[in-house]
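Keep in mind it's a predicted model, so treat the numbers as computed, not measured.
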Amino acid sequence: MSVVTRFAPSPTGYLHIGGLRTALFSWLTARHNDGKFLLRIEDTDLSRNSEAALEAIIKAFDWVGLNYDGDVVYQSKRFDLYKQYIDQLLEEGKAYKCYMTKEELDALREEQMAKKERPRYDGRYRDFTGIPPEGVDPVIRIKAPQEGTISFVDGVKGEINIAATEVDDFIIARADGTPTYNFVVAIDDALMGLTDVIRGDDHLYNTPKQIVVYHALGFKIPKFYHVAMINNEQGKKLSKRDGATDVMEYKAQGFLPEALLNFLVRLGWSHGDQEIFSLEEMIALFDPKDINKSASSYNLDKLLWLNAHYIKNTPNEKLAELLKEFGVDIAEHDKLEMLLDATKERGKTLVELAEQIKLILNAPTEYDPKAAKKAFKGNAKEILTDFIAMLQTWEKPLHLPSDYHEVLEAIVAEKEIGFGKIGQPLRVSLLGSMTGSGLDEIMAIIGVDETIERIERAVATIA
RNA sequence: GACCCUUUCAUCUAGUGGCCAAGGAUGCUACGUUUUCAUCGUAGUCACAGAGGUUCAAAUCCUCUAGGGGUCGCCA
């Protein structure tokens with residue numbers, strides 16, 4: 001049987017990285033088995049839907065490159081279908097109308113809480129045959145088993161047993177007739193042919209409810225995998241205050257989708273000691289049975305490390321393309337290769353990489369005071385002036401970094417100084433700071449004229 | 001409060017009774033490479049939640065305790 005998995009977000013906000021991870025796990029399971037990965041939008045609560053949220057989710061999917069099969073399924077467009085099943089259950093006596101008002105329910109809950117019981121519906125209309133109270137639009141409740149245990153084998157957690165008394169006759173249709181979550185999820189998962197349901201373990205308690213629906217409707221129960229949550233760096237539940245939780249925020253911060261995906265796949269899943277996984281490797285190696293039971297904490301340092309790794313291994317042309325969004329357009333620059341080779345090992349994010357590039361491309365407008373003080377002292381002015389002269393009278397061509405290196409070697413030899421004596425003031429002259437890319441590369445990129453100009457400007461500031 | 005899940009370095013994790021005085025990775029600290037920073041390389045740092053059992057042998061099996069998380073909606 002071919003594997004079918006799905007991701008089923010409700011369009012109430014952006015795509016969360018926790019959601020992306022379960023989506024990734026589902027997607028990998030489908031791709032690994034040459035199966036299908038479906039996308040379904042859980043929008044049964046008409047009042048909470050948002051078009052913008054839906055777009056944001058699709059956009060995020062697009063950015064990370066998770067493709068889904070077939071058309072997106074919208075639950076809001078399937079109400080007729082759900083209605084048929086509600087009627088069927090009503091007819092078969094597997095569901096019933098409940099005339100309890102919200103106020104009555106609240107009172108019941110409070111009473112149960114006071115008695116330190118788990119609040120749940122008491123089944124008072126389960127076998128009701130009398131005359132319904134007037135003025136109350138009934139909800140439809142499904143008959144859950146009243147004794148025994150509801151059991152299932154979770155692919156991650158193992159066997160789960162929930163006492164039937166813990167599962168009440170939950171509502172499958174609201175007073176206005178619209179169906180509710182646990183009911184439609186079970187129907188859609190069954191109808192869409194899901195074989196493996198991979199979701200967050202906050203759904204663990206929904207599973208017995210959905211199993212009640214599966215049984216009532218005679219559907220085949222899929223395999224469930226409940227993945228533990230992602231916590232923040234303090235081990236607490238991830239919330240908006242923990243920085244980026246929106247997937248697209250990572251794009252804005254200069255992360256590569258392959259780094260994010262690699263980071264996420266290793267949160268709660270592993271394959272021996274391997275840390276770096278290309279998409280192809282993930283697909284080849286992923287198996288949901290290897291998903292960990294326990295929650296994991298989000299760790300920005302590791303993401304940054306992975307991102308740096310992927311930046312280093314991304315072809316320069318592609319980087320140039322990506323950098324356009326970060327205020328650097330070097331796609332047409334004739335020294336593109338040299339520029340990126342000189343900088344790509346210095347940026348953990350595209351934002352940082354863009355800064356490095358700007359630093360080289362734009363002449364410094366000011367010199368870091370500390371750096372200037374340290375570098376522009378002693379006979380620095382004289383050395384720099386001589387260096388300019390040397391560049392101006394150099395007879396060999398000056399194109400490659402190695403060409404400039406020869407000049408550097410020449411001045412070191414002639415003046416009998418260490419590299420630092422020319423290196424430090426030269427670096428501050430060119431970049432305005434004490435750190436950065438290799439001098440040979442910088443000079444080769446900006447060219448001899450610009451090099452001389454920057455040094456002259458620096459020399460002018462030295463007393 | 002009730003019910004359910006969970007517990008190996010600071011963090012992600014390997015580990016399925018002997019190969020574990022617990023391995024890898026990130027982080028951190030050194031050192032080396034580099035004119036600088038970064039990269040890279042080498043080394044160091046750091047953990048089986050606790051207590052009882054079972055066994056010749058336990059990180060691994062059982063019990064209890066403690067910590068963490070989730071769920072208890074006419075939300076999804």
When the C1' atoms of B:rG69 and B:rG32 are considered, how many whole Å apart are they? 45 Å

Atom pair CD1/CZ of A:I411 and A:F387 - distance to nearest 0.5 Å: 6.0 Å

Specify the residues of residues 415-428 of chain A, ordered by number, for which at least one heavy atom lies under 4.0 angstrom from an atom of RNA chain B. A:F419, A:G420, A:G423, A:Q424, A:R427

Roughly, in whole Å, what's the span from CG in A:N206 to C1' in B:rC5? 14 Å

Pick the closest RNA chain B nucleotide for A:N292 and for A:D137 by heavy atoms, then say which residue is nearer the 5' end. A:N292

Determine which nucleotide pairs with B:rA21, using a 3.5 Å limit on both distances of a Watson-Crick or G-U wobble pair. none

So CZ of A:R109 and CD of A:E104: to nearest 0.5 Å the spacing works out to 12.0 Å

With a non-hydrogen cut-off below 4.0 angstrom, is A:G347 in contact with a base, only sugar-phosphate, or nothing? nothing

Paired with A:F7, the ring-ring contact (aromatic ring centres under 6.0 Å, His included) test is passed by just one of A:F37, A:F61, A:F25, namely A:F61

Just how far is it from atom CG of A:L319 to atom NZ of A:K344, taken to the nearest 0.5 Å? 5.5 Å

Would you indicate what A:S437 reaches in the nucleic acid, counting non-hydrogen atoms under 4.0 angstrom: base, sugar-phosphate, or nothing? base

Going by side-chain contact (heavy atoms from CB on, under 4.5 Å), A:N307 matches just one of A:N262, A:T349, A:L260. Which one? A:T349

Using both distances under 3.5 Å as the test, list the Watson-Crick or G-U wobble partner of B:rA2, or none. B:rU71

Taking the P atom in each of B:rC37 and B:rA21, what is the distance between them to the nearest angstrom? 41 Å

Rounded to whole Å, please give me the gap between CZ in A:F277 and P in B:rG24. 17 Å

Using a cut-off of strictly less than 4.0 Å between a heavy atom of the residue and any atom of RNA chain B, enumerate the qualifying residues of residues 296-313 of chain A by number. A:S296, A:S297, A:N299, A:D301, A:K302, A:W305, A:K312

note: A:R346, atom CZ; B:rU34, atom P; distance rounded to Å ~ 15 Å

For atom C1', what is the distance between B:rG73 and B:rG15, given to the nearest Å? 42 Å

Can you tell me if the side-chain N/O atoms of A:N161 get under 4.0 Å from OP1 or OP2 in B:rC3? no

Base partner of B:rU42, which must satisfy Watson-Crick or wobble distances under 3.5 Å: B:rA30

Indicate yes or no: does A:K83 engage A:D80 in a salt bridge with an N to O separation below 4.0 Å. no

For B:rU63, give its Watson-Crick or G-U wobble partner with both distances under 3.5 Å, or none. B:rA51

Inter-nucleotide P distance (B:rU71, B:rU39), Å rounded: 40 Å

Applying ring-ring contact (aromatic ring centres under 6.0 Å, His included), can you list everything that pairs with A:H203, at least two apart in sequence or on another chain? A:Y181

What nucleic acid atoms does A:S10 come within less than 4.0 Å of, heavy atoms only: base, sugar-phosphate, or nothing? sugar-phosphate

Under 4.0 Å between a side-chain N/O of A:T180 and OP1 or OP2 of B:rA76, yes or no? no

Partners passing ring-ring contact (aromatic ring centres under 6.0 Å, His included) against A:Y121 (at least two apart in sequence or in another chain): none

Side-chain contact, heavy-atom cut-off 4.5 Å: A:F286 with A:I291? yes

Gap separating the NZ atom of A:K223 from the CZ atom of A:F152, nearest 0.5 angstrom: 10.5 Å

Quickly work out the A:D341 CG to B:rA38 P distance and round it to whole Å. 20 Å

Round to the nearest Å and state the distance from A:I442 atom CD1 to B:rA38 atom P. 15 Å

Scan A:E42 against the nucleic acid and name what it touches under 4.0 Å (heavy atoms): base, sugar-phosphate only, or nothing. sugar-phosphate

Spacing of A:L408 atom CG and A:L391 atom CG [to the nearest 0.5 Å]: 9.0 Å

For B:rC74, does either OP1 or OP2 sit under 4.0 Å from a side-chain N or O belonging to A:K102? no

Hey, does A:R120 reach any base, or is it just sugar-phosphate, or nothing, if we go heavy atoms under 4.0 Å? nothing

If I pick the P atom on B:rA51 and the same atom on B:rA59, what distance separates them, to the nearest angstrom? 12 Å

Taking atom P in both B:rA10 and B:rG50, what distance in whole Å separates the two? 13 Å

Should the pair A:Y82 and A:F79 be assigned to parallel (<30°), tilted (30 to 60°) or perpendicular (>60°) ring geometry? tilted

Please list, pair by pair, any protein nitrogen or oxygen found under 3.5 Å from a nitrogen or oxygen in nucleotides 61-70 of chain B.
unit_1: B:rG69; atom_1: OP1; unit_2: A:K236; atom_2: NZ; d: 3.4

Which class fits the ring pair A:Y214 and A:F219: parallel under 30°, tilted 30 to 60°, perpendicular over 60°? perpendicular

dist A:F183:CZ -> A:D188:CG (nearest 0.5 Å) comes out at 10.0 Å

Distance, C1' atom - from B:rU11 to B:rC28, rounded to whole angstrom: 12 Å

Please pick, from B:rC74, B:rA76, B:rU7, the nucleotide with the shortest atom-to-atom distance to any side-chain atom of A:S294. B:rU7

First of A:K116 and A:G438 reached from the 5' end of RNA chain B, by closest nucleotide: A:K116

Side-chain atoms of residues 296-303 of chain A: list all donor-acceptor pairs with protein atoms under 3.5 Å, sequence neighbours left out, distances to 0.1 Å.
unit_1: A:S297; atom_1: OG; unit_2: A:N232; atom_2: O; d: 3.3
unit_1: A:Y298; atom_1: OH; unit_2: A:Y250; atom_2: OH; d: 2.7
unit_1: A:K302; atom_1: NZ; unit_2: A:E275; atom_2: OE1; d: 3.1

Expressed as a whole number of Å, how far does the P atom of B:rA14 sit from that of B:rC61? 14 Å

What is the distance, to the nearest angstrom, from the CG atom on A:L431 to the P atom on B:rU36? 15 Å

Nearest to the side chain of A:D273, which nucleotide is it out of B:rG24, B:rC72, B:rU6? B:rG24

Integer-rounded Å distance: B:rC37 C1' and A:K348 NZ: 12 Å

Assess whether one donor atom and one acceptor atom, taken from the side chain of A:E275 and the base of B:rG24, lie less than 3.5 Å apart. yes

Specify the separation, in whole Å, of atom CG of A:L439 and atom P of B:rA38. 16 Å

